[in-house]
Amino acid sequence: MKGNEVIAEAAVRCGCDAYFGYPITPQSEVMETLMALRPWETTGMVVLQAESEVASINMVYGAASTGKRAMTSSSSPGISLMAETLSYLAGAELPCLVVNVSRGGPGLGTIQPSQADYFMATKGGGHGDFHLIVLAPSSVQEMHDFVSLAFDLAFKYRNPAMILADGVIGQMMEKVELRDQRPRRAREEALKDVGSWATTGKAGRARNIVTSLDLDPARHEKFNQKLQAKYAEIREKEVRYEELLCGDAEYLIAAYGISARIGQKAVELLRAEGVKVGLFRPITLFPFPAKQLAARAGQLKGILCVELSAGQMIEDVLLAVGNTLPVAHFGRNGGIIHSPNEVVEAMRELRVKNGLYYTWTGFA
Amino acid sequence: MLEIIAPENLAYAKSKVLTDAPMHYCPGCSHGTVHKILAEVIEDLDIQDKTVGITPVGCAVLLYSYLDIDWVEAAHGRAPAVATGIKRTNPGLHVLAYQGDGDLAAIGTGEIIHACNRGENISVIFINNGIYGMTGGQMAPTTLIGMKTATTPQGRQVDINGYPFKVSEIIALLPGASYVTRQAVHTPAAVRQAKKALKKAIEKAYAGKGTSFVEVVATCSSGWKLSPTEANRWMAENMLPFYPLGDLKDS
């Protein structure tokens with residue numbers, strides 16, 4: 001199945017209550033698949049095409065405020081439009097899922113794949129001090145698995161979660177094992193979890209108010225500290241990453257999403273040449289596996305960050321390992337995808353130069 | 001004296017849906033009156049426990065402090081989309097969106113048009129005082145020609161600022177909107193009439209007839225720089241001829 005189709009299947013099967021979306025390439029198959037599946041006739045899941053990304057995310061906000069498992073999906077320019085309400089969701093501590101099948105920018109950019117939304121996804125993606133929980137699938141199977149995982153994390157921490165995919169993962173076809181159908185949560189069951197904050201009508205309790213507004217500076221500072229404590233806990237408990245052949249590695253390729261798949265092939269090619277190289281793949285981009293990467297720094301001669309961007313994740317890599325070893329970036333932009341051989345070439349450059357941070361800008 | 005204080009002699013009481021929080025509104029502002037009759041309607045219909053309101057960005061941003069129901073605070077202009085998300089996933093709730101004219105008629109034009117066009121079974125209360133109150137009295141889409149505001153100090157001019165925006169007339173054209181009415185709360189008679197309209201709006205939306213849209217032409221004595229009494233008079237003489245009261249649609 002296609003990655004985008006799998007998002008839709010996984011949403012229905014994990015008991016999602018509502019999807020609100022707006023068409024944008026390269027992820028329109030998500031809503032198209034949902035409309036074809038007609039889950040409102042089976043699980044009772046609501047699927048609605050909104051008039052804009054702004055409306056979609058605000059419909060998600062409304063459904064989430066009542067404790068429902070609500071989601072949307074879009075691609076880069078659409079996610080920009082959602083930024084304001086992502087901030088409101090974090091500020092109101094509402095759980096939800098946003099899928100970004102990212103494409104090249106800036107601006108209208110291109111409809112081809114890209115990973116240039118790393119900053120937007122991990123550094124807030126809206127105004128104010130907040131983070132999304134960000135999961136980066138690198139296979140169609142993970143597109144499936146992370147839908148359920150993202151909802152679980154979102155509800156556990158009452159925070160919006162994002163699946164940051166890219167146009168390749170969204171469009172490519174792979175075999176996938178679909179989970180069994182989980183029923184949507186019944187009202188009574190849901191209320192045990194969300195009853196203390198969800199706006200479901202105040203029957204039998206004091207009223208609930210979902211808001212991100214607090215005009216009292218002292219109280220609002222306390223609230224911000226509470227948010228930061230939550231992010232600290234997420235950093236502590238929810239880091240997910242994968243290591244491939246890192247045990248004896250002298251060099252690492254650090255990459256997520258589709259770049260990790262290409263990096264995997266590059267590792268294979270370089271190992272065949274006798275280069276001791278491994279792949280370090282962050283699965284959660286927030287929280288970034290900083291400690292886990294830093295733990296490898298002592299054995300390494302260099303790290304090559306491979307991204308479909310001008311160099312975004314590399315900043316988190318540098319924060320993790322500091323100036324203790326050469327860290328370089330290799331990336332392509334504009335919807336062009338690096339080949340494993342290009343990555344191998346970039347790794348050779350890194351090995352030759354062995355300097356401090358520099359950028360390998362690609363072929364002239 | 002004390003013996004006449006008995007339930008059977010009670011002519012008026014504060015609605016139990018109103019909280020005891022002192023309202024922050026300026027003297028003469030229509031918001032307080034609309035809040036009061038909204039609370040009374042919720043009490044009369046006995047729907048306090050199954051109503052969720054959506055508050056706007058604007059002067060009524062703190063509305064959730066005053067009515068004892070569940071509330072969701074929306075981003076500027078987005079209340080109809082938030083209401084859609086709540087109502088679609090919770091069809092058993094009464095969902096009320098409360099918005100001003102900056103919120104609904106400017107930044108939120110897209111959301112209100114499409115929510116009404118889809119016929120979402122929600123009630124929208126639209127406060128039209130022709131000005132941005134909270135940010136200090138700037139021009140709204142609804143500001144009358146010639147009206148002085150912080151951003152039209154010489155008065156609104158058509159060649160620069162375009163024309164005042166008649167939202168209810170546009171909403172009435174949409175098939176999804178089943179009840180569209182324009183009310184006011186500047187006289188006791190108007191208050192009674194507006195309360196009836198609110199009740200009807202909420203009942204129709206809950207019955208699944210489509211979107212109910214209640215515009216309330218309102219005063220902003222601070223923004224208009226008039227006393228409360230003068231603001232009421234100015235509204236009757238200037239706003240109401242352009243925004244005439246009455247039902248625009250009842251289908």
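Residue numbers start from 1 in every chain, and the chains themselves are labelled A, B, ... in the order their sequence lines are given, proteins ahead of strands. Keep in mind the model is a prediction, meaning the values are calculated, not measured.
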Ring center gap for H76(B) and Y88(A) short of 6.0 angstrom: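 Centroid separation for H76(B) and Y88(A): 6.0 Å or greater.
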Heavy-atom proximity to chain B below 4.5 Å, by part of A198(A): backbone
[X] versus chain A, heavy atoms under 4.5 Å apart: side chain, backbone, both or neither?
X	value
V95(B)	neither
N90(B)	side chain
S65(B)	backbone
L62(B)	side chain

Shortest non-hydrogen separation from [X] to [Y] and the atoms involved:
X	Y	answer
C220(B)	N129(B)	CB-ND2, 3.7 Å
S148(A)	C14(A)	CB-CB, 3.9 Å
N159(A)	L132(A)	ND2-CA, 3.9 Å
L89(A)	Y61(A)	CD2-CD1, 3.6 Å
S73(A)	Q27(A)	OG-OE1, 2.6 Å
V72(B)	S65(A)	CG2-OG, 3.4 Å

Do the side-chain N and O atoms of [X] and [Y] include a donor-acceptor pair separated by under 3.5 angstrom?
X	Y	answer
S30(B)	Y25(B)	no
T211(B)	E120(B)	no
S102(A)	D117(A)	no
T89(B)	D17(A)	no

Among the listed options T199(A), L215(A), L213(A), V54(A), the residue most often paired with chain B at heavy-atom distances under 4.5 Å: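 Most heavy-atom pairs under 4.5 Å with chain B: T199(A).
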Basic-acidic side-chain contact under 4.0 Å: D152(A), R69(A):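 So D152(A) pairs with R69(A) through a salt bridge.
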Residues of residues 78-88 of chain B within contact distance of chain A, non-hydrogen under 4.5 Å: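 So far as heavy atoms go, R78(B), A81(B), V82(B), T84(B), G85(B), I86(B), R88(B) are the residues that approach chain A to under 4.5 Å.
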Close approach to chain B in residues 39-52 of chain A, criterion heavy atom under 4.5 Å: V46(A), L48(A), E51(A), S52(A)
